[in-house]
Amino acid sequence: VLAPHKNHADLAALATYADRDASPVIQRLATLSLVAVLRDLIPAYRIRLPSAKELTMPVSADVEALRAYERNLLRAYESTIATLRGWARDGSDTDEAAARRLAAARGLCALLEKGRDFNASAALLGALVPLANAADDEVRGMACAGLASLFTADVRGDATLEAVQQMAALIRAASFNVHPQMLECWLHLRVDAGGGPAAAASKRSKKRRRNLDVVSREMALASGEHGDAGSRHSAVLEQVVVSYARIVKRAPQSPLMPLVLRGLSKYGHQVNIELLLDLLASLRALLSDPDALAPQAALLCAHALLQLLSGPGVALAEDTRGVQRRVYGLLADRELFAAEPMLLVTGLDWGEYLCRHRAQLLAARAASFSHRLIGLSAELPQALAIAALASTARLLAAAPRATSILHGDEDGPVCAAPQAAVATDDPDSSRILSTTAWLLAVLGRHYHPTLRRIAALLARNEPLEPE
């Protein structure tokens, strides 16, 4: 490592131990040692071997030594990837095969961290991506962690696009029967289909990059000119969302659905209008069937539909009353939020949506959602209860007529609300306006000081101000 240009021949000696030693343990240790050495030797540029015409030209001794070093380095790198790929594909049930698959996952992840923009990145990802769907938990976890790190750290986007394409092909070939942990990697993607350096590039600069010869293009990449990053982000987004749409249509009962819906919630605002309309129709069909999705998946589905409507879908005149009614019904499921309290965050987003779209915020609807959120606040942890009360305050401020639930009649405060009006599944029932949010009086005696203060301010219909 101190003088790689002089000692590159030692890579072949280390590769001999990795390929031909009689002990399987020595083979694994030698291969992982070779991986560690290659990680330190990988340059920050792609190696381009000289052409046949260039080999006939006279060069200096330094250039000839550099060519030999790069040739041997590239040969050792590709040979190591091939060895690890063979270990990864070994489907035997023996302990040695399991140990080799684990070593392959460790070695491939180590090479990917340093060599994502180096030569043979497609072969490297082709060996690692199937391991993200491995049956062994440790191997699968290691492969998924490596892919998630790639999606987080990749700046150019070439390796990310290649990995997403291979993952999408694997999901399609497996008929969507893959492990959910593999799909969870996509939640780490950093895509911006409308931004990047290429978005502001002029037509002249784009034409100049297209006309560059191979050597100039490689030098531009090495100097930091990453090309049309926006188009790569768009291609990544297309692969991901199309895969999501296929799962929604063909496997709505799949265990992948919660992750698909979370992904649509995260990237839905960047979807193009053609795919948007298709996704909206599929999600509406799922929400209209009460037995199609579990309560958790139904709430995530409603949140995904909300995010789709916040991007290009904001221009669509979509009627969301049916979705709002489904969300309103889900907010009454105490067991759902008791098991996963953080799901309330997705429900609160619908309150924000109603505040932004005042035309859909009827007084009865605001009062109904407020009753549900106040009821949940009495059972949730303090942080989520405070968030629910803050969302209630925004709803009541956006629909002043709904503040009637904060007051009693002229003869005194009402101590209880008609349960038939509160328990109805119709958020637009006018009977809700004749009820009183009596639980605010209970929350006003809560042990948590902040929650107690917010409940008292809300009961008096005063603005919530920070302490």
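Surrounding CG of D289 are more than 12 heavy atoms belonging to other residues, nucleotides or ligands, all under 6.0 Å away. Within a 6.0 Å radius of CZ in R89, no more than 12 heavy atoms belonging to other residues, nucleotides or ligands are found. More than 12 heavy atoms of other shown residues, nucleotides or ligands fall within 6.0 angstrom of atom CD in Q181. For CZ of R334, the number of neighbouring non-hydrogen atoms (other residues, nucleotides, ligands) closer than 6.0 Å is greater than 12. Within 6.0 Å of CD in E462 there are more than 12 heavy atoms belonging to other residues, nucleotides or ligands. Surrounding CZ of R452 are more than 12 heavy atoms belonging to other residues, nucleotides or ligands, all under 6.0 Å away.
A salt bridge is absent between R85 and E78: the closest approach of a Lys/Arg side-chain nitrogen to an acidic carboxylate oxygen does not fall below 4.0 angstrom. One finds no salt bridge joining D136 and R101 here, because no Lys/Arg side-chain nitrogen approaches an Asp/Glu carboxylate oxygen to under 4.0 Å. Under the 4.0 Å criterion applied to side-chain N and carboxylate O atoms, K249 and D278 are assigned as salt-bridge partners.
Residues Y45 and F118 keep their aromatic ring centres 6.0 Å or farther apart.
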Could you go step by step and tell me if L293 and M257 meet the side-chain contact (heavy atoms from CB on, under 4.5 Å) rule? CA-CA 9 Å; L293 297 172; M257 276 300 291; 4.2 Å; yes
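Between the side chain of Q239 and the backbone N or O of V164 there is no donor-acceptor pair closer than 3.5 Å. Side chain of R445 to backbone of A441: a donor-acceptor contact under 3.5 angstrom is found. Side-chain N or O atoms of R100 include none that pairs as donor or acceptor with a backbone N or O of W87 at under 3.5 Å. Side-chain N or O atoms of R232 include one that pairs as donor or acceptor with a backbone N or O of R156 at under 3.5 Å. Here the side chain of R140 pairs no donor or acceptor atom with the backbone of A132 at under 3.5 angstrom. Judged purely by atom type and a 3.5 angstrom limit, R262 has no side-chain atom pairing as donor or acceptor with the backbone of L300. Looking at S121, its side chain never comes within 3.5 Å of a backbone N or O of D117 through a donor-acceptor pair. Q253 contributes a side-chain N or O that, together with a main-chain N or O of A292, makes up a donor-acceptor pair within less than 3.5 Å.
Put simply, the side chain of V327 reaches to within 4.5 Å of the side chain of F369, judged on heavy atoms.
Annotation: cation-pi pair R372/Y328 present, NZ/CZ under 6.0 Å from the ring centroid and within 45° of its normal.
Looking at Q382 and Y447, their side chains do bring a donor and an acceptor atom within 3.5 Å of each other. In summary, the side chains of D90 and S92 do present a donor paired with an acceptor at a separation below 3.5 Å, with no hydrogens or angles considered. With 3.5 Å as the limit, one finds no donor-acceptor pair spanning the side chains of N133 and H179.
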